Amino acid sequence: MSRSDLYGMRRCACGNLRRTTRSITQFYDQLLQPSGLRITQFSLLLNISLHGNISVGELGAILLMDQTTVTRNIEILRKQGYINMTKEDDDARKKSISITENGARKLVEAKPLWEQAQSRIEQGLGSERYHDFLKTLKDVAQIVQ
C-alpha cells in the first residue's frame, strides 16, 4: 500500500468522528467538573429524569450505549444517591431506574455548566452551521443503519 493510500484513509468518517467526540467529551467533562459529574453521567441523569422509571436496557437503547457502560455509570450514580434502582414487579430480573431528589438537585446544579459548554459550541459554529451539523449527524446515522 502506498503512502498516498495511507494518507487518503485519514478521511475515514469513523476515525474523524471518534477523535472529535473524544475532544468534545473532554471539553464537556472539564466544564462540568465543578458539579462532580462527567458528561456521560449528566446525560444518564437527564434521560432518567425525562423518562421516569426506565430499565438499563431501555436507557442503553435511547443513548446507543452498551449495557456494561450503562450499568457501570448507573452504579456510580446510585452510590452517590442520585438514582434509585428497584426490581420491576413483573420481572424480578429487571431493574427500574428513577432519579432521586438529590439527583434532580445535581442535575439543576450541573445545568448552567452544561449550558456554558453547549453555548460555546453553538456560538462558535453559529446557529445555521450548528443546525446543519446536527442534520448531518442525523443523516450519517440513518445512512449506516
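Model, not experiment: these values are computed from the prediction.
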Pairwise distance NZ(Lys106) to CD(Glu101) - rounded to 0.5 angstrom: 15.5 Å

I need the Gln116 CD to Leu113 CG distance, nearest 0.5 Å. 6.5 Å

Do Asp139 and Gln142 pass the side chain to side chain contact (heavy atoms under 4.5 Å, CB included) test, and can you show the C-alpha distance, the side-chain angles, and the key distance before you say yes or no? CA-CA 5 Å; Asp139 291 346; Gln142 288 176 343; 4.2 Å; yes

Counting only N and O atoms by type, is there a donor-acceptor contact under 3.5 Å from the side chain of Thr25 to the main-chain atoms of Thr21? yes

Please check if Trp114 and Phe27 belong to a single hydrophobic cluster, counting links between Ile, Leu, Val, Met, Phe, Trp and Tyr side chain heavy atoms closer than 4.5 Å. yes

Holding to salt bridge (Lys or Arg N to Asp or Glu O under 4.0 Å), I want the full list of residues that pass it with Glu122, two or more places apart in sequence or in another chain. none

Quick one: OG on Ser127 to CG on Asp132, what's the gap to the nearest 0.5 Å? 9.5 Å

Considering all heavy atoms of both residues, which atom of Arg10 and which atom of Asn16 are nearest to each other, and what is their separation? O-ND2, 2.9 Å

Which pairs would a plain distance check flag for residues 61-71, meaning a side-chain donor or acceptor within less than 3.5 Å of a matching protein atom at least two apart in sequence or in another chain?
residue: Asp66; atom: OD1; partner: Thr68; partner atom: N; Å: 3.1
residue: Asp66; atom: OD1; partner: Thr69; partner atom: N; Å: 2.9
residue: Asp66; atom: OD1; partner: Thr69; partner atom: OG1; Å: 3.1
residue: Asp66; atom: OD2; partner: Thr69; partner atom: OG1; Å: 3.0
residue: Thr71; atom: OG1; partner: Gln67; partner atom: O; Å: 2.8

State plainly whether one hydrophobic cluster holds both Val108 and Ile39, where clusters connect Ile, Leu, Val, Met, Phe, Trp and Tyr through side-chain heavy atoms under 4.5 angstrom apart. no

What is the distance from atom CG of Leu31 to atom CZ of Phe42, rounded to the nearest 0.5 Å? 12.0 Å

Taking all atoms of both residues into account, what is the closest heavy-atom pair of Ser49 and Ile99, and its distance? CB-CD1, 4.0 Å

Can you name the nearest heavy-atom pair linking Gln30 to Pro34, along with the distance? O-CD, 4.1 Å

Please check if Val144 and Leu137 belong to a single hydrophobic cluster, counting links between Ile, Leu, Val, Met, Phe, Trp and Tyr side chain heavy atoms closer than 4.5 Å. no

For residues 33-48, which residue pairs pass the salt bridge (charged side-chain N to carboxylate O under 4.0 Å, His left out) check, not counting sequence neighbours? Asp29-Arg38

Per side-chain contact (heavy atoms from CB on, under 4.5 Å), Leu44 is matched among Thr40, Leu46, Asn47 by Thr40

Let me confirm one number: the CD1-NE2 distance from Ile97 to His51, rounded to the nearest 0.5 Å. 12.0 Å

Side-chain contact, heavy-atom cut-off 4.5 Å: Leu37 with Tyr82? yes

If you compare all heavy atoms of Gln80 against all heavy atoms of Asn102, which two are closest, and at what distance to 0.1 Å? O-ND2, 3.5 Å

Mind checking whether Arg18 and Arg22 have side chains closer than 4.5 Å, heavy atoms only? yes

How long is the straight-line distance from NZ of Lys138 back to CD1 of Ile143, given to the nearest 0.5 Å? 13.0 Å

Under 4.0 Å between a Lys/Arg side-chain N and an Asp/Glu carboxylate O for Glu115 and Lys111? yes

Test side-chain contact (heavy atoms from CB on, under 4.5 Å), reference Ile48, set Thr100, Leu59, Leu107, output is Leu59

ILVMFWY cluster, Ile24 and Val140 together (side-chain gap under 4.5 Å): no

So Gln123 and Tyr130, side chain to side chain donor-acceptor pair (under 3.5 Å) or not? Walk me through it. CA-CA 8 Å; Gln123 288 177 3; Tyr130 183 73; over 6 Å; no

Within the distance-only criterion (no hydrogens, no angle test), does the side chain of Ser96 pair as donor or acceptor with the backbone N or O of Asn53 below 3.5 angstrom? no

